[in-house]
Amino acid sequence: MSTLTGTMHLARLNVRRDRVRLAVWLAALTGLLAATTAGIKSLYPTAADLAGYAETAGSSPAATALNGPGHAVDTAGGATVFEVGGYLSVAVALMSVLIIGRCTRAEEESGRLELLRANVLGRHAALAAAVIVMVAMNIAVGTAVAAIMTAFDVSAAGAATFGAALAGIGIVFGAVAAVTSQITEHVRGSNAIAGTVVAAAYVIRAAGDVGETGLSWLSPFGWVQATRPFADERWWPLLIALGAAALLVAMAVALQNRRDVGAGLVPQRPGPASASPTLLHQVGFSLRLQRASLIGWTVGVFLGGLAFGSVAREMEDIVAESDDLQEWVSAYGANPTEAFLALTLLLLSLAAAGCAIASALRITSEESAGRAEPILATPLSRPAWLLSHLVAPLAAAIVVPVAGGLGTGIAYGILTSDAEQIPRLAGAAMAHVPAVWLLTAATVLLIGLLPRLAVTAWAILAGCVVAAMLGSLIRLPDWVLELSPFEHTPRLPGGSMDVAASLTLTGLAAAVIVVGVVSFRRRDVR
Amino acid sequence: MSLPIDVGGLTKHFGRTRALDGLDLTVRTGEVHGLLGPNGAGKSTTIRILLGLLRADDGAATMFGRDPWSDAVDLHRRLAYVPGDVNLWPSLTGGEVIDVLGRLRGGLDPRRRADLLQRFDLDPTKKGRTYSKGNRQKVALVAALASDAKLLILDEPTSGLDPLMEAVFTECIREAKSEGRTVLLSSHIMAEVEKLCDRVSIIRAGRTVQSGSLSELRHLTRTSIEATTSRPADDLDRVPGVHGLTVDGATVRFDVDGDHLDAALRALTTYGVQALTSAPPSLEELFMRHYGTGDDTSTEPQPAEAAR
């Protein structure tokens, strides 16, 4: 019997099960692209406007760090790719990682795969079906992206290249996830490793692009942006991506041949026969459950800070070399390095919000996995249980950004031989803490009121990221922008501290948490 | 002293599904009470209402005279619970989970913990993800039995245990009873309930259909009679309480309700009894009768009965 028997049945089952999820991904990605293209078209309607853009914003080193080097930024297509290409690349990479995790390790972890495997189903069918769905989804996104851009009347060849580049990046990281899902027993661990690879590849590319070294060629993001959409397109870098993806999938198959269903590659070791005193404390218990992921987020954001901090110094040199850029930057009235550092700290705080939301959502996964039930059948009250699980996300809202600020400060401080930068940037990183708290509070409110929809907390964060990075470009109305709490926190360093706004956000977060806890007390435990 | 559990007319809906439809349940101090019903009858829903995890739509429920929803925390000091489907934290060992649950209930007796681990043959150093269903259940059982809770609420506690461990469980429940603890045991396994319980409530589709001590319930069951008579006993079905009469020459077979047994036997002897066998009333039969169809207890014998 073939090891692939039943693959197509399973692929159809995956699509049927995740049809809403997949449609939301497609709509969000293409919507963001359409909004950005429309924004560029209306902000820079003529060739002269685009030429002006290319000399100023279009050669901004900060944007290069975030989105990759610009190609043909004096065309509407090239400018759109320069503004949004990097974000879309990261988004399709994460989409692919999540699809693979959900269709492989999550099914295996829940035991559902065992039920299916006992039927006429080949050993590699689940992996193959997941890869098919992932590749098909990336082709759908790439095709939609190419079609939308063409509809905005940019070069069709450029649009097609950009679509193919996005599909390529998604497929590479989907293949990375196919390997990581063989290593760990839990989808959470597998997604965390694959997500770390995405983040590392992004940071390597950012450092390589700003430094203009060949470093970017070590990162899959570098390969696909080397297709140079809208400039002199070339398709051969995509072959590197597809070759790497094929190798990774082959590796995943080889790993799968070496392990049992349900098992990881690392065997289980015995643990302590009785609980340590910290585990017996409810907060210690909750921290212990989240220990690995909290450390992972903190280290990841710290490393991100190091990378961006080391780039900040070069930013000064690039700006110093160009009169046009100096003029454009000074029109903003800000020191370009300070502005870049503030942007870095904002990005790291958005990442910290991701950590806080993931941590708060542990409450729902504890509940839906049936692990809350035995705990809530003890004399521990429901509010006490919920609050004990909130210590981790609320603390992460401080610790993770400060770790990012420390990383930024250490790298930037070493390059400028100025140790003062370390405390200064670590302190500035706390500017957005109240906003992260408010997002955590919103997650708690969802858990209390609409537990089934608690994952939409991620959509709230996605909205905040879009508002912060692209809000003015895609011309969101002010009142929409101001829904994001990150619009009310000061951009430090460089900006001025608004104590009243920060206190208001903190107070609001506290009030929302109280409503969430009370709602949780009043509803049925699932 | 107020009853450990006293429930009347309990109703609970989940969306359009009616999970409980006027359920009654009374558990007296010191008894082992069986909550018997098929899958989906409402056993776990009832238990989760008693634990204050779900809020009843209608009806009255008290535990030790108090409201399980609003006084949940205080009530939980007196009880220990073993869920039907035990889920453990994948990264914690069984021993750690036992200690955490024990600590939350106010501590557990280390000697009793060690003794139970040994009796249930449970390795406390294994991580949650590596335990089988039965072993996860043992973790929850050890945590519950090692506490000094006055009331044990056990939701299908033996569904993953092997026969050897079931015997250990039976022993532990008998010990708990001799210590004066009260036990509510939900199950769909008749033999287990017959072996352990003083009183039983049979529920079906969210309602209590029968409740009482084992002997009371036995009284409600039918005895199967097979006899050889000198004259064909073909009009025996005139006796009230006789069901499913078949006469095959000298052989007669029928089932008779417990409270009409005497009258039926008197009538039978008038035909000249030459041989007689009777199958004892079993709760199984009552159970099958309640589960088998949607009708009441006076229906025709079920296939399981007829086969005897």
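Values in this document were obtained by computation on a predicted structure and should not be read as measured data. Order of the sequence lines sets the chain letters (A, B, ...), proteins ahead of strands, with each chain counted from 1.
- Using modelled atom types, one finds no donor on one side chain facing an acceptor on the other under 3.5 Å when comparing A:Asn14 with A:Arg102.
- For A:Ala377, the parts lying under 4.5 angstrom from a heavy atom of chain B are both the backbone and the side chain.
- Counting heavy-atom pairs under 4.5 Å between each of B:Val86, B:Leu51, B:Leu92 and chain A puts B:Leu92 at the top.
- In this model, a donor atom of one side chain and an acceptor atom of the other lie less than 3.5 Å apart for A:Gln182 and A:Arg259.
- Most heavy-atom pairs under 4.5 Å with chain A: of the set B:Arg55, B:Arg48, B:Arg103, this distinction falls to B:Arg48.
- Heavy atoms closer than 4.5 Å to chain B are found in the backbone of A:Arg523, but not in its side chain.
- In this structure A:His186 satisfies the side chain to side chain contact (heavy atoms under 4.5 Å, CB included) test together with A:Glu109, B:Pro90, B:Arg129, sequence neighbours excluded.
- For A:Arg521, the parts lying under 4.5 angstrom from a heavy atom of chain B are both the backbone and the side chain.
- For the residue pair B:Pro83 and A:Glu373, the shortest heavy atom distance occurs at CB-OE2, 4.0 Å.
- We find that B:Arg113 and B:Asp99 are joined by a salt bridge, their nearest charged nitrogen and carboxylate oxygen being less than 4.0 Å apart.
- Only the backbone of B:Leu88 comes within less than 4.5 Å of a heavy atom of chain A; no side-chain atom from C-beta onward does.
- Of all the listed residues (A:Pro270, A:Ser276, A:Ala273), the one sharing the greatest number of non-hydrogen pairs under 4.5 Å with chain B is A:Ala273.
- Judged by distance alone, the side chains of B:Ser44 and B:Asp155 do bring a donor and an acceptor atom under 3.5 Å apart.
- Per-residue counts of heavy-atom pairs under 4.5 Å with chain B were compared for A:Leu380, A:Asp524, A:Leu376; the largest is that of A:Asp524.
- Partners of B:Asp6 by side chain to side chain contact (heavy atoms under 4.5 Å, CB included), not counting sequence neighbours, listed by chain and number: B:Leu3, B:Thr26, B:Thr62.
- Chain B forms more heavy-atom pairs under 4.5 Å with one residue of A:Pro272, A:Ala369, A:Ala372 than with any other, namely A:Pro272.
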